[in-house]
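See below for the structure under consideration.
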There are 2 protein chains.
Amino acid sequence: MTELFVPVDHALGDLTGQLTRALRGAVQGGRLAAGARLPSTRALAAQLGLSRGVVVECYAQLVAEGYLVGVRGSGTRVAAGVARPPAQEPPADPDRPPGHDLKPGTPDLAAFPRAAWLAATRRALTAAQHGRLGYGDPAGLPELRAELAGHLGRVRAAAAGPGEVTVIAGVAQGLSLLVRVLAARGPQRYAVEDPCSPGTLALLRAHGVEPVGVPVDRDGLDVAALAATGATVVLVTPAHQYPTGVVLAPARRAELIAWARESGALVVEDDYDAEFRYDREPVGCLQGLAPDSVVHLGSLSKSLAPALRLGWAVLPGPLAADFHHAKRYADLGTGVIEQLTFAELLSGGGYDRHLRTVRAVYRRRRDALADALRSALPATEVRGVAAGLHLYLELPPGTAEEAVVAAALERDLRVEPVGPMRLSPGPPALALGFGVLPERRLARAVELLAEAVDSAGGTGRTGRV
Amino acid sequence: MTELFVPVDHALGDLTGQLTRALRGAVQGGRLAAGARLPSTRALAAQLGLSRGVVVECYAQLVAEGYLVGVRGSGTRVAAGVARPPAQEPPADPDRPPGHDLKPGTPDLAAFPRAAWLAATRRALTAAQHGRLGYGDPAGLPELRAELAGHLGRVRAAAAGPGEVTVIAGVAQGLSLLVRVLAARGPQRYAVEDPCSPGTLALLRAHGVEPVGVPVDRDGLDVAALAATGATVVLVTPAHQYPTGVVLAPARRAELIAWARESGALVVEDDYDAEFRYDREPVGCLQGLAPDSVVHLGSLSKSLAPALRLGWAVLPGPLAADFHHAKRYADLGTGVIEQLTFAELLSGGGYDRHLRTVRAVYRRRRDALADALRSALPATEVRGVAAGLHLYLELPPGTAEEAVVAAALERDLRVEPVGPMRLSPGPPALALGFGVLPERRLARAVELLAEAVDSAGGTGRTGRV
């Protein structure tokens, strides 16, 4: 007979619940071993000062759950094979952010319009009919699709009606679904810009795709080189190539579309930070030029915050149905409250207001960062157009990128090397983001970077040779 | 030379933007054909009463975007091959809901605690540090995983630390990710309960899985029959089988776990409405009994609202890492604001309060529906335990399910036939949900159902034969 120490506190009420949790925990934790015989309900009730009914109900519950077995004639025993819980630790906290952060890929999270987002959520929740809280159309809420079609037409010169827009959980989900949809149509050969986003590369590889790299020059993707690869799908960032910052030149746009039409290939346009062009109007998206050959992907991750996990895809008609099917069976659709909230923000003009506000802030930061770099590191070169949330800094030939990154980290400065973004060797370079650091702190970060380039043996300070 | 009618309104300002949108639209819509020559900048400026700079800037923008080409010596022309936008219509509105809705699968959307959810969103957004708005851990926010581990331990007797909990976009996403994770480990053979949820069947088939059905009797899944299938994965609903409403009996729980351990198979537990048991404490989840053999999936779709697209998965350690990887490359993680909001609702007790409130409501509805059915359709049988958001109504032998469903629809009553949920033939039956209709309207719905059974030639009213 097992002697049980079971803490039951009469003042807390729900004695059956307390006793059940305590005994279940003792079995799960291994303190009550398989086969161990429990006291009779009468004995345990007496021991704990409980009514017998409480113990009877508790045992019945644990028998129903499978922790105990009632054996006729031999009382109640602990069931065999009930395992201890795994002892895995909770996940560690994320790394402490560095003091000076020039890592690209995140907008200014301090600029997220919390009050406007919350107000839009309140309006959305107040106005929504009950039925909206059920399962929605997996392709997205009709009103958000309509707002997005209008917005993308106005701001990005996209050519899409609401029926062509799908709401997704971000560009990563868009790519992930697209890869599966295209795989079902036959073997594909993927091309990416070289260099390109390491996250995109990792995502493709996680889905079993090994892309071929196509060089990027000052006019963007080399379309002749692309044509030579035999690719059936190419991923591009035409408005502001990541990481080099160049814009796809007009002639190249025409060539790319002609290539896609002739070869039947698909162009996947990641319009990742097209909202932010500082020297002129942003170039309209490729999709508007050739809606039958282009998949257009965008999200709120750079314009508002990555935490929202909200984006959109515009697909040629024949692909859209397969894409909706894939979205349905991936997650039944994106969360409705966020969709309603974003639709509110779009229709009320709050999204445009936010973009105007942060555009002015980023523009000043970009200018300040470029000026500081030219002054402190005259032998380096800032390339690409004045756009987006990062700039591309080419280091003097022979500089060891990784040594610069390490030396920067020693100074509590985080910068991103371009090497890991390349599929074939290229000049040493860094991608420097200005989403995180405010304008007044950029000069100090550049001083630290100049020290890091020096200490890594670079010649950044000494002027062009 | 093309004569252009371009509406430009000086009072609206941004003349360049107006002109650019108008010309771009004319090209996209086909009113300006490929190769058409545009007026000189000087001529168009004069025609429209604009300064020439405005027209120059507009042409330059459209050349950069690829809509126009500037040909030296022959002016500016419309680029070749710029397509008209597709003419796909916006998606149709969803069907009008029926007047009397007994379709299962949705909770009472009118009971969604909008004020509490909004207040929790406000607290979450107010308290969150800026860094929380970036990319989070794809496996979920640490605080939500910790709250969920505690909640599932208390309420469902799960044995999981925060490290074993993954936040997902709902049970459908959990299954979709799991199918891919398991496929990467080798060929699998899936078993499902027969009958089972048609949504689950459709999802498996969309992912290329054709499951084998295993009969369900009054004690739940027939484990001996399961063992004979050679399945490597089985999907079960032990707390309240869908649609039959039975609970997996204690001996069957032990057999199922013993089978999984011996064969190395995986049990996937869809805990879809375990929060709602009306006659006694809900039976603890299977996962707590055998954390090494069970994947536990749950969501807010039945307890709060499907619109939230928020759920959780608890996986054995070795699978968890692969599952996190799959989640990362599916969508980079679930939306952070909803995660923070739900963590607030859990930690502040609001979730438990909501469950207590709706549990009382659903209990009364279930009783009222069962009573009305017994009275109006004495030859039918209500099976399963008092739990969940639906009950299982077995129709008299020989009744044509589909005829009853059609006759009900003619009376503006929606009910769900069990036939499409079966992999092998079974008795005629309906799954009747009480999530939608309030208590006072259930009697009328049952009257209509009795009429429908009558008109379909059933003998439901006439008493058991």
Side-chain angles (χ1 to χ4, degrees), chain A residues 24 28 61 63-66 79 82-83 85-86 88-91 106 109-110 112 114 118 121-122 125 130 133-135 137 142 146 157 159 161-164 169-170 172-173 176 203 206 250 253-254 281 283-284 288-292 305-309 317 329-332 335-338, chain B residues 24 28 61 63-66 79 82-83 85-86 88-91 106 109-110 112 114 118 121-122 125 130 133-135 137 142 157 159 161-164 169-170 172-173 176 203 206 250 253-254 257 281 283-284 288-292 305-309 317 329-332 335-338:
Chain A
R24 190 196 286 122
Q28 285 181 338
Q61 175 72 18
V63 166
E65 295 181 1
V82 177
Q88 200 173 317
E89 285 300 301
T106 320
L109 301 174
F112 179 76
R114 298 188 189 209
L118 189 65
T121 304
R122 181 186 305 109
L125 265 179
H130 293 319
L133 299 173
Y135 292 97
D137 184 338
E164 278 97 39
Q173 180 176 57
S176 150
L203 186 142
R253 289 166 77 95
E281 281 279 297
V283 175
L289 273 175
D292 294 335
L308 297 175
R309 310 309 315 129
Y329 291 111
D331 60 14
L332 303 184
V336 169
I337 295 180
E338 309 90 274
Chain B
R24 192 196 285 124
Q28 286 181 338
Q61 176 72 19
V63 166
E65 293 180 0
V82 176
Q88 201 173 316
E89 285 301 299
T106 319
L109 301 174
F112 179 76
R114 298 188 189 209
L118 188 65
T121 305
R122 182 187 304 108
L125 265 178
H130 293 319
L133 299 174
Y135 292 97
D137 183 337
E164 277 97 39
Q173 181 176 55
S176 150
L203 186 142
R253 290 167 76 95
I257 284 168
E281 282 279 297
V283 175
L289 274 175
D292 293 335
L308 296 175
R309 310 309 315 129
Y329 291 112
D331 60 13
L332 303 184
V336 169
I337 294 179
E338 308 89 274

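Numbers restart at 1 for each chain; the letters A, B, ... are given by sequence-line order, proteins then strands. Below, all heavy atoms of this structure are taken into account, side chains as well, without hydrogens, waters or symmetry copies.
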Examine whether an atom of [X] lies under 4.5 Å from a heavy atom of chain B, and if so say whether it belongs to the side chain, the backbone or both; otherwise answer neither.
X	result
A:Ala110	both
A:Ala79	neither
A:Phe112	side chain
A:Glu338	side chain

Does any part of the side chain of B:Arg122, heavy atoms only, come nearer than 4.5 Å to the side chain of A:Arg122, both counted from C-beta?
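Answer yes - side chains close enough.
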Non-hydrogen atoms of A:Gly134 and B:Pro306 that approach each other most closely
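Closest approach of A:Gly134 to B:Pro306, heavy atoms only: C-CB, 3.7 Å.
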As an exercise, state the distance from [atom1] of [X] to [atom2] of [Y], rounded to the nearest 0.5 Å.
X	Y	atom1	atom2	result
A:Leu118	B:Thr121	CG	OG1	7.0 Å
A:Ile337	B:Ile337	CD1	CD1	11.5 Å
B:Leu133	A:Thr106	CG	OG1	11.0 Å

All side chain to side chain donor-acceptor pair (under 3.5 Å) counterparts of A:Arg24, not counting sequence neighbours
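Per chain and number, A:Arg24 pairs via side chain to side chain donor-acceptor pair (under 3.5 Å) with A:Glu65.
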Kindly write out the residues that satisfy side chain to side chain donor-acceptor pair (under 3.5 Å) with B:Arg114, not counting sequence neighbours, or none if the list is empty.
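Residues passing side chain to side chain donor-acceptor pair (under 3.5 Å) with B:Arg114: A:His130.
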Which one wins on heavy-atom pair count under 4.5 Å against chain B: [options]?
options	value
A:Gln173, A:Arg253, A:Glu281	A:Arg253
A:Ala157, A:Gly66, A:Ala146	A:Ala157
A:Ala169, A:Ala64, A:Ala254, A:Gly170	A:Ala64
A:Ser176, A:Ala330, A:Ala172, A:Ala206	A:Ala330

Can you tell which of B:Gly335, B:Gly284, B:Ala305 has the highest number of heavy-atom pairs within less than 4.5 Å of chain A?
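Ranked by contacts with chain A, first place is B:Gly284.
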